[in-house]
Amino acid sequence: MIPYGKQYIDDDDIAEVIKVLKSDFITTGPKIQEFEGKFAERVGAKYAVVVSNGTAALHVACLAAGLTGGQEIITTPMTFAASANCALYCGAKPVFADIDAQGLIDAEQIEMKVSKKTKIMIPVHYAGMPCNLKRLKEIATKNNCLIIEDACHALGSKYEGTKIGACHFSDMSVFSFHPVKHITTGEGGMITTNNEELFNKLRVLRTHGITNEAKNFVNPPDGPWYHEMQMLGYNYRMTDIQATLGISQLKKLKNFIQRRREIVKKYSLAFAGNKYFDLIPENKNQFSSYHLCPILLKDKSGNMRGKIFQKMREAGLGIQVHYIPVYFHPYYQKIGYKKGICPNAEDFYQREISIPLYPAMSDTQVEDVINHIRKIFSELS
Ligand SMILES: *Cc1c(COP(=O)(O)O)cnc(C)c1O
């Protein structure tokens with residue numbers, strides 16, 4: 001089976017991890033700060049805070065932004081559930097705005113859904129394709145809300161030449177290091193920001209809301225052991241074992257992105273002009289690091305996807321569908337979301353299949369995928 005995505009771990013990565021296992025620190029040691037520093041530098045942000053996974057990153061980002069009950073966030077339904085769940089964790093309500101043809105949250109749809117209750121906008125750079133951040137920033141400024149970019153698909157992507165994660169148009173950006181993402185730490189997440197106040201809050205929230213930095217104490221310390229819990233935080237720490245893997249993976253990011261783009265180019269050339277499906281090309285403001293390679297069936301009836309999916313799986317292609325609209329899930333239905341609220345996303349869902357894309361794919365595997373897909377579609381007619 002050729003999966004839709006997969007990690008790439010080599011001997012250098014393994015050697016680094018072994019070094020940490022033999023060292024004095026296996027959690028919250030020197031590797032955490034080193035990873036944060038190198039990551040911030042790589043994406044062009046002032047600060048980075050590492051946490052245990054991307055979902056935890058979204059959660060603490062919402063908390064640092066001050067999200068509470070009675071407030072709303074606006075996000076896309078074309079994403080992993082975590083982009084909306086983070087609002088529910090804070091007692092706030094996710095509001096879904098519909099998507100455009102690239103699968104990205106549509107600024108005009110946000111304007112229709114924004115209200116006095118809206119506190120945060122959480123756009124998702126679906127598949128690695130950057131959202132229209134300039135327009136989103138305008139809307140956020142006008143409506144006095146913050147932007148947290150869910151950049152879990154977009155490490156290495158650029159919008160109008162600026163790196164995703166640099167937070168040029170947002171308050172925070174959130175990344176995941178799950179094995180299918182651009183770099184992995186097994187599980188892991190990161191928040192980047194240029195705002196010192198948010199940075200300080202994020203660091204405290206990740207470790208129980210406890211700080212031991214004297215300059216930030218609320219009360220006078222009564223001894224050198226003194227530390228204080230200032231807010232209700234969590235244990236969302238990453239281990240040094242993982243952080244060292246992250247540092248080692250970061251060195252390969254440039255090659256990973258190059259290979260992903262090379263493979264997408266091969267697909268684009270191979271499938272150009274076919275009558276069954278489209279790929280999603282970049283527009284002139286976008287540079288995608290391609291977390292996924294979605295194909296969109298031209299067939300609008302919605303009858304074809306199931307059949308094609310089945311045949312691809314039988315051919316050994318570990319394809320997947322990204323995504324079931326978040327509010328389709330039984331939990332969201334149970335808390336009152338109705339189908340039909342984002343028709344574009346629902347149509348997109350009916351027509352989407354993510355075909356295999358990961359840096360370790362060989363040219364032969366890419367050719368195999370192309371040949372299988374050509375054969376499956378040609379047998380349809
Ligand atoms: C992977 C992902 C997350 C969650 O990250 P985890 O590290 O798996 O918790 C959130 N949002 C999007 C869009 C993702 O793809």
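Counting starts at 1 for both ligands and their atoms, in listed order.
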Q | Within reach of ligand 1, part of Asn53 (heavy-atom separation under 4.0 Å) | A |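 Looking at Asn53 and ligand 1, atoms from backbone and side chain both fall under 4.0 Å.
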Q: Decide whether the shortest distance between a heavy atom of Ser83 and an atom of ligand 1 is less than 4.0 Å.
A: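 Under 4.0 Å: yes for Ser83.
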Q: Consider ligand 1: state whether an atom of it lies below 4.0 angstrom from any non-hydrogen atom of Tyr323.
A: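 So Tyr323 counts as touching ligand 1.
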For [atom], what's the nearest protein heavy-atom neighbour? Residue, atom name and distance, please.
atom                    : result
atom 11 (N) of ligand 1 : Asp150 OD2, 2.8 Å
atom 8 (O) of ligand 1  : Ser176 OG, 4.0 Å
atom 14 (C) of ligand 1 : Lys181 NZ, 3.2 Å
atom 4 (C) of ligand 1  : Thr55 OG1, 3.6 Å

Are [X] and [Y] linked by a side-chain donor-acceptor pair shorter than 3.5 Å?
X      : Y      : value
Asn195 : Thr193 : no
Ser170 : Glu149 : yes
Tyr327 : Glu346 : yes
His322 : Glu352 : no

Q: Identify which one of Glu36, Glu34, Glu41 satisfies the side-chain hydrogen bond (donor to acceptor under 3.5 Å, both in side chains) criterion when paired with Lys38.
A: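 Exactly one option meets the side-chain hydrogen bond (donor to acceptor under 3.5 Å, both in side chains) with Lys38, and it is Glu34.
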**Q.** Check: Phe39 ring centre within less than 6.0 Å of Phe177 ring centre
**A.**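 When the ring centroids of Phe39 and Phe177 are compared, they turn out to be within the sub-6.0 Å range.
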Q. Does an N or O from Phe80, backbone or side chain, lie closer than 3.5 Å to an N or O of ligand 1?
A.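 Among all N and O atoms of Phe80, none is under 3.5 Å from an N or O of ligand 1.
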Q. Is the shortest N/O to N/O distance between His153 and ligand 1 below 3.5 Å?
A.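 Such a contact does occur with ligand 1.
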Q. Any idea which atoms of ligand 1 are less than 4.0 Å away from a heavy-atom of Gly54?
A.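 Listed by number with element, the hits are 5 (O), 6 (P), 7 (O), 9 (O).
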Q) Which ligand 1 atoms are under 4.0 Å away from a heavy-atom of Thr79? A)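 Matching atoms, with element in brackets: 13 (C).
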Q. With a 4.5 Å limit on heavy-atom distance, are the side chains of Thr75 and Pro123 in contact?
A.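 No, their side chains stay 4.5 Å or more apart.
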**Q.** Donor-acceptor pair, side chain of Thr141 and main chain of Lys137, under 3.5 angstrom
**A.**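 Checking the backbone N and O of Lys137 against the side chain of Thr141, a donor-acceptor pair under 3.5 Å is found.
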